[in-house]
Novice: 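I am attaching a structure below and will ask some questions about it afterwards.
This one's a predicted model, so the numbers in the text were calculated from it and none came from an experiment. FYI, the numbering just counts along the sequence from 1.
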Amino acid sequence: MQKVSSFDLKKWWDGVVEEVIRFPLYMMGKPFKAFSDIKYEGRGSVPACVFFMVMLMLLSVLRQSYTGTVFIETDPRYMNIWTVMAGVLAQTILLVVANWSVSVLTNGSGSAKEIFMVAIYAQYPYMWLSALYLALSHVLSLNEQALLSFCLALGVVCMLFYGFIGLVSVHGFGFFQGIASVVLTLIALLIIIFIILLLVMMVSELGAFLGTVWDEIVLHYF
């Protein structure tokens with residue numbers, strides 16, 4: 001009988017370390033090469049990106065719930081954690097859909113999977129800076145608020161920087177093509193949001209109309 005191979009814990013752990021720690025750090029140091037490796041050498045991992053996505057969602061909740069009292073912006077009692085997490089997820093999904101739809105029209109060669117990986121890996125520095133923001137908010141005073149603002153601002157700058165390099169790399173664009181792609185992505189994002197809001201309003205109006213019709217039927221016949 002053929003032997004059933006046993007689970008190799010060391011190999012699994014080495015893979016986790018590679019995808020969750022080494023590759024993101026490599027991406028931060030050599031972004032052009034790292035994002036090219038995602039496209040042409042199959043590096044990067046969708047499960048790792050999903051893990052980072054979950055971490056970003058949790059950090060968003062923690063920032064609104066457990067930020068130091070001096071720096072808290074919203075009352076945690078009125079916060080819905082599911083809405084916060086859904087908002088972070090929706091932002092990423094809408095961005096991926098918008099960029100993919102633009103890439104189809106502009107002959108970009110990046111797939112939806114590659115765009116998703118770029119979007120998540122680009123937020124890797126932001127994830128750690130958000131965690132630093134959360135930790136520092138409990139030890140700094142109000143006079144040192146500028147340092148906290150700098151943490152988040154630096155995170156956003158890094159996210160935009162790595163995101164731009166990633167999209168240029170996976171689509172095979174030049175610099176100006178990349179700029180045009182970003183502008184078109186923002187336009188597509190606004191159009192998608194408008195369509196979603198329009199559909200929500202239409203469904204809401206339809207629900208209200210059907211509710212009124214039902215009330216009239218109940219009132220007249222029951």
Side-chain angles (χ1 to χ4, degrees), residues 15-57 59-60 85-130 151-199:
V16 171
V17 171
E18 168 66 22
E19 301 299 345
V20 176
I21 299 176
R22 289 177 186 162
F23 182 73
L25 292 177
Y26 172 69
M27 179 274 302
M28 291 176 63
K30 298 180 178 179
F32 286 101
K33 182 67 170 65
F35 288 120
S36 293
D37 287 349
I38 288 177
K39 184 169 186 63
Y40 299 109
E41 297 184 16
R43 295 192 67 181
S45 166
V46 172
C49 289
V50 172
F51 170 74
F52 292 141
M53 185 76 256
V54 173
M55 292 301 297
L56 286 164
M57 292 162 67
L59 277 169
S60 182
M85 294 174 72
V88 175
L89 180 62
Q91 289 173 13
T92 302
I93 292 176
L94 288 175
L95 181 62
V96 171
V97 171
N99 186 257
W100 178 80
S101 62
V102 167
S103 70
V104 171
L105 300 175
T106 56
N107 296 321
S109 58
S111 65
K113 172 187 169 183
E114 291 165 352
I115 297 169
F116 170 72
M117 293 173 71
V118 166
I120 299 301
Y121 279 122
Q123 296 182 74
Y124 185 77
Y126 180 80
M127 180 181 72
W128 286 107
L129 288 168
S130 291
C151 281
L152 289 185
L154 180 61
V156 172
V157 170
C158 289
M159 179 172 61
L160 295 175
F161 173 73
Y162 288 114
F164 178 75
I165 292 176
L167 293 177
V168 166
S169 299
V170 299
H171 287 308
F173 289 154
F175 177 78
F176 292 108
Q177 282 180 303
I179 293 292
S181 174
V182 170
V183 173
L184 290 174
T185 297
L186 293 176
I187 294 173
L189 188 61
L190 291 175
I191 293 173
I192 292 171
I193 292 173
F194 173 76
I195 292 173
I196 291 174
L197 291 176
L198 188 62
L199 288 174

Novice: Please report the interatomic distance OG(Ser181) to CG(Asn107), rounded to the nearest 0.5 Å.
Specialist: 11.5 Å
Novice: CE of Met117 to CZ of Arg43: how many Å apart, nearest 0.5 Å?
Specialist: 10.5 Å
Novice: When rounded to the nearest 0.5 angstrom, what distance separates CD1 in Ile120 from CE in Met55?
Specialist: 13.0 Å
Novice: With the side chain counted from C-beta on, respond yes when Leu167 and Phe173 share a heavy-atom pair under 4.5 Å apart, and no when they do not.
Specialist: no
Novice: Can you see which heavy atom on Ser109 is nearest to which on Glu114, and at what distance?
Specialist: O-OE1, 4.0 Å
Novice: Are Met53 and Val88 close enough that some pair of their side-chain heavy atoms sits under 4.5 Å apart?
Specialist: yes
Novice: Would you name the heavy atoms of Glu18 and Pro24 that are closest together and state the gap between them?
Specialist: O-CD, 4.2 Å
Novice: Should Gln177 and Thr106 count as side-chain neighbours, where that means a heavy-atom distance under 4.5 Å?
Specialist: no
Novice: For the atom pair CG (Leu95) and CD (Gln123), what is the distance rounded to the nearest 0.5 Å?
Specialist: 8.5 Å
Novice: Which one of Val157, Val156, Leu154 satisfies the side chain to side chain contact (heavy atoms under 4.5 Å, CB included) criterion with Tyr126?
Specialist: Val156
Novice: Can you tell me if Ser101 uses its side chain to pair, donor with acceptor, with the backbone of Val97 under 3.5 Å?
Specialist: yes
Novice: Between Ser130 and Leu152, what is the shortest heavy-atom contact and its length?
Specialist: OG-CD2, 4.2 Å
Novice: Looking only at heavy atoms, what is the nearest atom pair of Ala98 and Thr185, with distance?
Specialist: CB-O, 3.7 Å
Novice: To the nearest 0.5 Å, what is the distance between CD1 (Ile115) and NZ (Lys113)?
Specialist: 13.0 Å
Novice: Quick one: sort the Phe23 and Tyr26 rings into parallel, tilted or perpendicular, breaks at 30° and 60°.
Specialist: tilted
Novice: Mind checking the CD1-NZ spacing from Ile38 to Lys33? Nearest 0.5 Å is all I need.
Specialist: 11.0 Å
Novice: Going by side chain to side chain contact (heavy atoms under 4.5 Å, CB included), Leu94 matches just one of Leu89, Asn99, Ile193. Which one?
Specialist: Ile193
Novice: Under 3.5 Å, side chain of Ser103 to main-chain N/O of Trp100, donor-acceptor pair present?
Specialist: yes
Novice: So do the side chains of Phe164 and Phe175 get within less than 4.5 Å of each other, counting heavy atoms only?
Specialist: yes
Novice: Is the Tyr124 to Phe52 ring centre distance short of 6.0 Å?
Specialist: yes
Novice: Can you name the nearest heavy-atom pair linking Met28 to Tyr162, along with the distance?
Specialist: O-OH, 2.8 Å
Novice: Minimum heavy-atom separation for Ala119 and Val96, please, with both atom names.
Specialist: CB-CG2, 4.3 Å
Novice: A side-chain contact here means heavy atoms from C-beta on lying under 4.5 Å apart; do Arg22 and Leu25 qualify?
Specialist: no
